[in-house]
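Written below as structure tokens is the structure these notes are about.
Residue numbering restarts at 1 for every chain, and letters A, B, ... go by the order of the sequence lines.
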4 protein chains.
Amino acid sequence: MPPLRAVLRVICADRPGLVADVSGLLFRLGANILHADQHIDSEEGTFFQRIEFTPPPLDGDAARDRLAAHVGRACDGFGMRWSLGFREPARRMAILCSKRGHCVLDLLQRHRAGDLSCEVAIVLSNHDDLRLEVERRGYRFVHEPIANQGDRASQERRLLERLASERVDLVVLARYMQILSPGFVDAYKERLINIHHSFLPAFAGADPYRQAFRRGVKLIGATSHYVTRDLDEGPIISQDVARVTHRDSVEDMMRKGADLERVVLAHAVRCHLEDRIICYGNKTVVFE
Amino acid sequence: MPPLRAVLRVICADRPGLVADVSGLLFRLGANILHADQHIDSEEGTFFQRIEFTPPPLDGDAARDRLAAHVGRACDGFGMRWSLGFREPARRMAILCSKRGHCVLDLLQRHRAGDLSCEVAIVLSNHDDLRLEVERRGYRFVHEPIANQGDRASQERRLLERLASERVDLVVLARYMQILSPGFVDAYKERLINIHHSFLPAFAGADPYRQAFRRGVKLIGATSHYVTRDLDEGPIISQDVARVTHRDSVEDMMRKGADLERVVLAHAVRCHLEDRIICYGNKTVVFE
Amino acid sequence: MPPLRAVLRVICADRPGLVADVSGLLFRLGANILHADQHIDSEEGTFFQRIEFTPPPLDGDAARDRLAAHVGRACDGFGMRWSLGFREPARRMAILCSKRGHCVLDLLQRHRAGDLSCEVAIVLSNHDDLRLEVERRGYRFVHEPIANQGDRASQERRLLERLASERVDLVVLARYMQILSPGFVDAYKERLINIHHSFLPAFAGADPYRQAFRRGVKLIGATSHYVTRDLDEGPIISQDVARVTHRDSVEDMMRKGADLERVVLAHAVRCHLEDRIICYGNKTVVFE
Amino acid sequence: MPPLRAVLRVICADRPGLVADVSGLLFRLGANILHADQHIDSEEGTFFQRIEFTPPPLDGDAARDRLAAHVGRACDGFGMRWSLGFREPARRMAILCSKRGHCVLDLLQRHRAGDLSCEVAIVLSNHDDLRLEVERRGYRFVHEPIANQGDRASQERRLLERLASERVDLVVLARYMQILSPGFVDAYKERLINIHHSFLPAFAGADPYRQAFRRGVKLIGATSHYVTRDLDEGPIISQDVARVTHRDSVEDMMRKGADLERVVLAHAVRCHLEDRIICYGNKTVVFE
């Protein structure tokens, strides 16, 4: 069995000695630092650090909790916002989708191949179309329809109950074509990832491929981001683009875009699961 | 001496037989087709074609004019908008710039290396900063300052007079940081190319790198386009992007962006000079 | 029902009048040209053309055959090598794979989504590992093991029989880790597509990701090509690359590479199915 | 005046506590860490670190030397190979070129714009062609011709003398089309950067664009690397590629390639000047 790995992420106002403080703390605890990435936003004077380390042998959950408490007290003392994550037990992910399957099926395929270190708790959808393809692959699919506009709030409540009962840590919107309420968004702050099918902030809103076609752009894009109350405005995690020409119809753009969406979303989910992201303001630091 | 080359571009409502019409016409004239690109916008039912050919041996300007008249009559008969260009005599380009030299100096370097088949008639600027660098390279530089806001219109008039007296065919805005009046824009319709330092339509307007930094995007871009009366809204000719991370300051983005701007602008100018672009609506077909 | 589409591809020594010859022929037959791409290799003096058109209404297979015969006689008369393909009936594709599923499952997902206009006749493998995943998605899987080195020839014979009995038009090697005999390769000349997990010609041969890691390259690639008797030397159809750094282990490279392989292979298969490729010498013209 | 910056690079066998050792050392010296990047090659068990810091106020060269001696003793004690660089005084760069000017003129333009923090000591060439363009820009140009094959060794000796008398720290081969002797290469080990006009290891050797054209690749590349005794085999610093199609002639590839070469070479030179590169074995770690 590979040794346990842990990731400490900290953020605080910059000052001399921060790197020495944190690395000294971990060294004294008997941890071995595997990767240490650090960044200073010199405009804002903010310090960011991500440290991946093997902790000293931990005998059960209690030992792990003691370690976390110790690290936490020290980081509090340093005046840091901090987060300590262990690779075990695996995080539990839920995927929300609508009718188009390319993103959700791609995530499931990567999960099956062992490329995403999490459990897939459940796939939820407001439509039943993808049930067969999801279940065929051996995953659970639950249909939570929106009967009518008035049903919207109650459908969301059912989703939230399901996510709670499944003890979900991460919610991925894999082309889930519904706008979520502020209450939903707040409940999964920095744990709710969306894929938008454009190079945001260009073509925010609906039907970005048609917008892109009309504008005659020569590149199309995809953007994964954490969802906030402001639609399409949350912190960007990952983006990519592909070349198009006048020969590409809206349908061609959608097809090329689908390849981008799959790769960009998977990349964001993977970075999240590996605790590589620190949000601040409306931006991210992604330590790759 | 290589044989004369000509480029015919046509645009019209689509119907059967168009390709046969045009290629038959050129064949009967004794022309040899070198490249023929064609496109149909099936949403709009519009047909586009670019044909590069060696005309039959033409004895002087009169013969060339007769050929053009013949082709024109035929294309009119086919119900086409058309344009016929010869590589000789070379087009005359003017470059407008302000204080930053990377785009203008890059164009001059490409011109010197023989990569742009045109004459550089003149470099014009509202600032005198780049005079030394331009003149060192053996090109003419004229400073047309804007003394004050009230002087704006008269400075533009002086620019237009200069462009006219220099018989300029193409005006390139190589980071010329002034907004041109509708009158100027109309005078050089489809002959006025700008480089915008973002992936339009994202970050239109001023200071796009700062906008991009604040938004936390993971890619920055550059866009070359024909200038129309609507600022930053003209038909896009070429775009490209480069990857940035949280480590890139605004200054880093500007530096990476400068490399994009140079390449994207040079590509657009080259496509224009080779008659590869057809504008329609607010878009372009670029036959590469 | 959308009207029938056909694609004519021709290749011949260049001479004046070729475009007029072909477009005139199609016009007289009552065909409507939808796309016409043409290319001249001026070093070799070779002319290439791909024309997509809607033929006149064809009443049954006999009418289609008469059209093909007419076009063929004319093209023979023009001294052209030619190929005429109809979108209907759909081509039949077989996919060969070994143990890793990312390419084959990706092709199946695209086929299911309607992005590949063909029938998937069968999935064949020398290992049984992927049976469950393939059958779950509703496709037929046949295991043709290689019992031992001596069994190699007989296994290939069984594969060929299966391909013949399934009337397969296109064979795709989706990370099929076996070298095929000259006899197999010849039987599917220009109908046998492979994905190689490097930017060929760099890192030809086995284990290219490890080779790339050892050499310390900053980009990894994938290459799809038609298979010829010379291993990894066939005409290249499509290539793409992704950025890597010193932080990427061999496993990271494999994972990033898998995304490239899927997209590059799917692109090649799609170009083949749409008759966009003309092979000549050891190269391709791909009309996109 | 901005405070002095220093960069410490270390490499050693991996063991617990290394990050704490180095950051503690710098903290006790009164240094403020600005960036700290660290990497472990887990296959080889090697630890790499780059730390950029503002040292405590240093009163003159003697103080700087004392700091360097102190850091050096400590790193020796830790069992590290180390290098400590200060941004001041600026490094002195020489550029070697032959007949094509795109790379050398591009570097000069970036230097003029303030993008390369070094002095350009001299431009050397075996041909006189670029004298005018270099001198026009205000840089010194020296022609050291190779009179005949027999003159090769003596020309190299003259180059080495010139580099020595100009106290050159970094030699850049900007399309200098001569193979340098082992003696030359050894004299500038890890301080001699070349740009090769292909995606190495593909198309090593002469005339890579023609090789690429013949092979029918769909991407062309450029590679910057430190020069070692093995031609085209030295540690790669940076690479990039651009898309080509069957429409690109060898000349088109050269033109597109020239844009790659300029950007890739400039990137490598900048990484070197900012002490971002650590060589090990035949590879590089580039901390960006």
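Residues passing the ring-ring contact (aromatic ring centres under 6.0 Å, His included) test with Phe53(A), sequence neighbours excluded: none.
Of all non-hydrogen atoms in Ile40(D) and Ile33(A), the two that sit nearest each other are CD1-O, 3.8 Å.
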Could you list each N or O donor-acceptor pair linking chain D to chain A at a distance under 3.5 Å?
{"unit_1": "Ser23(D)", "atom_1": "OG", "unit_2": "Ser23(A)", "atom_2": "OG", "d": "2.8"}
{"unit_1": "Leu34(D)", "atom_1": "O", "unit_2": "Gln38(A)", "atom_2": "NE2", "d": "3.3"}
{"unit_1": "Ala36(D)", "atom_1": "N", "unit_2": "Gln38(A)", "atom_2": "OE1", "d": "2.4"}
{"unit_1": "Gln38(D)", "atom_1": "OE1", "unit_2": "Ala36(A)", "atom_2": "N", "d": "2.4"}
{"unit_1": "Gln38(D)", "atom_1": "NE2", "unit_2": "Leu34(A)", "atom_2": "O", "d": "3.3"}

